[in-house]
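Only one structure is covered here, and it is reproduced in the block below.
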Amino acid sequence: MKKIILVTGATSGFGKAIAIKFAGEGHDLIITGRRNDRLQDLKMKLEKEFKVEVLPLCFDVRKAAEVEISIQSLPERWKTIDVMVNNAGLAVGMGPVQEGVLDDWERMIDTNMKGLLYMTRFVAPLMVARKKGHIINIGSIAGREVYPNGNVYCGSKFGVDAITKGTRIDLVQHNIKVTQIAPGAANTEFSLVRFKGDQQRADTVYKGFKPLSAEDVADTVYYVTTLPDHVNVNDLVLMPTAQASSMHFHKV
Ligand code: NDP
Ligand code: 8X3
């Protein structure tokens with residue numbers, strides 16, 4: 001059955017791959033992000049290749065008012081969101097806490113935690129009204145194990161872990177599934193953003209082992225939406241085979 005899937009951060013990496021995966025399976029999509037040109041290109045591509053309908057919404061998840069108006073002004077048909085993937089997020093900088101850049105901290109906390117909360121605040125009521133829905137939060141191995149110089153990014157992803165558990169408890173009585181997918185290292189634009197455009201430094205993160213691809217994560221997100229109504233994956237840690245923990249890699 002055709003569903004409506006909302007994916008935040010669909011202009012790149014996991015979000016884009018998730019949108020392509022669901023479109024390939026015949027589902028209609030609401031795709032969000034701040035880069036409107038990329039949203040429009042993706043809409044054209046998906047509608048042409050897969051004959052699905054795609055609604056791009058360009059806004060910043062850190063701005064509660066923008067989130068609220070974007071969701072509340074959706075045409076009625078598009079408000080019947082079956083699956084929301086809270087994927088938009090980022091790391092900015094990496095260094096010891098005593099040298100932290102305050103603006104980097106604000107960006108991570110505001111995007112990864114508050115942005116995810118704003119989306120949930122305005123989309124969950126639509127699901128509650130229909131007594132059905134599935135919220136999938138993209139956490140991280142960084143939300144399970146802290147690593148040196150990861151302080152605030154890890155904190156924001158530990159926050160996603162707690163918020164996901166709390167959301168599940170609050171929504172269980174409304175028949176809404178809540179899942180966290182927590183990936184390990186994946187080669188997307190993540191490290192380029194973290195290292196503020198330094199491509200060489202970003203590339204070194206993935207040297208000597210095979211990281212996850214965005215498609216690996218997209219396949220997993222899709223999988224958890226295919227289970228019977230009475231079955232939910234609460235939590236799934238998805239790692240490259242060559243990564244045993246935040247800190248342990250088999251590199252050659
Ligand atoms: P990318 O940088 O490739 O994609 C990040 C996406 O988030 C972009 O589409 C970006 O869109 C969107 N985004 C960022 N800030 C905002 C904002 N303020 N408002 C709206 N959208 C925003 O990285 P990934 O695909 O790797 O990251 C996706 C998620 O996965 C993140 O939550 C990240 O923390 C998490 N993750 C990543 C891992 C990795 O190793 N790559 C591992 C584990 C988790 P735009 O810039 O257009 O707004
Ligand atoms: C991204 C994975 O380990 O670089 O969430 O923090 S890590």
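Counting convention: from 1, in listed order, for ligands and their atoms alike. Note that the coordinates shown come from a computational prediction; the quantities given were computed from them, not determined experimentally.
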Consider only side-chain N and O atoms of N137 and T179, and report whether a donor and an acceptor are under 3.5 Å apart. no
Atom 36 (N) of ligand 1 [closest protein heavy-atom partner, distance rounded to 0.1 Å]: F14 CE1, 3.6 Å
Within ligand 1, which atoms have a heavy atom of I138 less than 4.0 Å away? 30 (O), 35 (C)
Considering only protein heavy atoms, which is closest to atom 19 (N) of ligand 1, and at what distance to one decimal place? V61 N, 3.0 Å
Output yes when a side-chain donor or acceptor of N232 lies under 3.5 Å from a complementary backbone atom of V178, and no otherwise. yes
Distance-only polar pair, side chains of Y147 and S245, donor-acceptor under 3.5 Å: no
Do any N or O atoms from the side chain of K196 and from the backbone of G93 form a donor-acceptor pair under 3.5 angstrom? no
Should F14 and Y223 be regarded as members of a common hydrophobic cluster, given that ILVMFWY residues are connected when their side-chain heavy atoms come within less than 4.5 Å of each other, either directly or indirectly? yes
Is I4 reachable from V52 through a run of I, L, V, M, F, W or Y residues, each pair having side-chain heavy atoms under 4.5 Å apart? no
Nearest to atom 29 (C) of ligand 1, what protein heavy atom do you find, and at what distance? N87 O, 3.1 Å
Is it the side chain (CB and beyond), the backbone, both or neither of K157 that lies under 4.0 Å from ligand 1, heavy atoms counted? side chain
Determine, using ring centers only, whether F195 and F190 are less than 6.0 Å apart. no
Got the closest protein heavy atom to atom 23 (O) of ligand 1, with its distance? T188 OG1, 3.5 Å
Numbered atoms of ligand 1 (with element) below 4.0 Å of G139, judged on heavy atoms: 43 (C), 44 (C)
Partners passing salt bridge (Lys or Arg N to Asp or Glu O under 4.0 Å) against D216 (at least two apart in sequence or in another chain): none
Does any N or O in the side chain of K2 come within less than 3.5 Å of the main-chain N or O of G26, such that one atom is a donor and the other an acceptor? yes
Show me which atoms of ligand 1 lie under 4.0 Å from any heavy atom of A185. 40 (O)
Pull out every atom of ligand 1 sitting under 4.0 Å from any heavy atom of R34, numbered as shown with elements. 14 (C), 15 (N), 16 (C), 17 (C), 18 (N), 19 (N), 20 (C), 22 (C), 45 (P), 46 (O), 47 (O), 48 (O)
Ranking G9, G15, G89, A88 by closest non-hydrogen atom to atom 5 (C) of ligand 1, top hit is G89
Which protein non-hydrogen atom lies closest to atom 41 (N) of ligand 1, naming both residue and atom, and how far is it? A186 O, 3.1 Å
Within 4.0 Å of some non-hydrogen atom of G13, the atoms of ligand 1 are 3 (O), 25 (O)
Please determine whether the number of non-hydrogen atoms from other residues, nucleotides or ligands lying under 6.0 Å from atom NZ of K157 exceeds 12. yes
Nearest heavy atom to atom 8 (C) of ligand 1 wins, so pick from T11, V7, L212. T11
Sub-4.0 Å atoms of ligand 1 with respect to non-hydrogen atoms of F59: 19 (N), 20 (C)
What protein heavy atom sits nearest atom 18 (N) of ligand 1, and how far away is it? D60 OD1, 2.8 Å
For A10, the atoms of ligand 1 under 4.0 Å from one of its heavy atoms are 9 (O)
Closest protein heavy atom to atom 34 (O) of ligand 1, given as residue, atom name and distance to 0.1 Å: Y153 OH, 2.7 Å
Between ligand 2 and the protein, which N/O pairs fall short of 3.5 Å?
residue	atom	partner	partner atom	Å
ligand 2	5 (O)	S140	OG	2.5
ligand 2	5 (O)	Y153	OH	2.6
ligand 2	6 (O)	Y147	OH	2.5

Backbone N or O of V54 within a donor-acceptor pair of the K43 side chain at under 3.5 Å? yes
With rounding to the nearest 0.5 Å, note down the distance linking CZ in R34 to CG in D60. 5.5 Å
Presence of salt bridge, R168 and D235, under 4.0 angstrom: no
Hey, does the side chain of Y206 reach the backbone of A186 with a donor-acceptor pair shorter than 3.5 angstrom? yes
Closest to atom 42 (C) of ligand 1 by heavy-atom distance, out of A91, A182, G184, is G184
Less than 3.5 Å between some nitrogen or oxygen of Y206 and one of ligand 1, yes or no? no
Could you tell me whether K51 and E47 have a side-chain N and a carboxylate O separated by less than 4.0 Å? no
Quiz question: by atom type and distance under 3.5 Å, do the side chains of N234 and Q180 form a donor-acceptor pair? no
Under 4.0 Å to a heavy atom of P183 - the qualifying atoms of ligand 1, by number: 42 (C), 43 (C), 44 (C)
To the nearest 0.1 Å, how far is atom 1 (P) of ligand 1 from its closest protein heavy atom, and which atom is that? S12 OG, 3.5 Å
K131 and H174 side chains, donor-acceptor separation under 3.5 Å: yes
Looking at ligand 1, does any of its N/O atoms fall within less than 3.5 Å of an N/O of G33? no
Check each heavy atom of T111 against ligand 1 and say whether those closer than 4.0 Å belong to the side chain, the backbone, both or neither. side chain
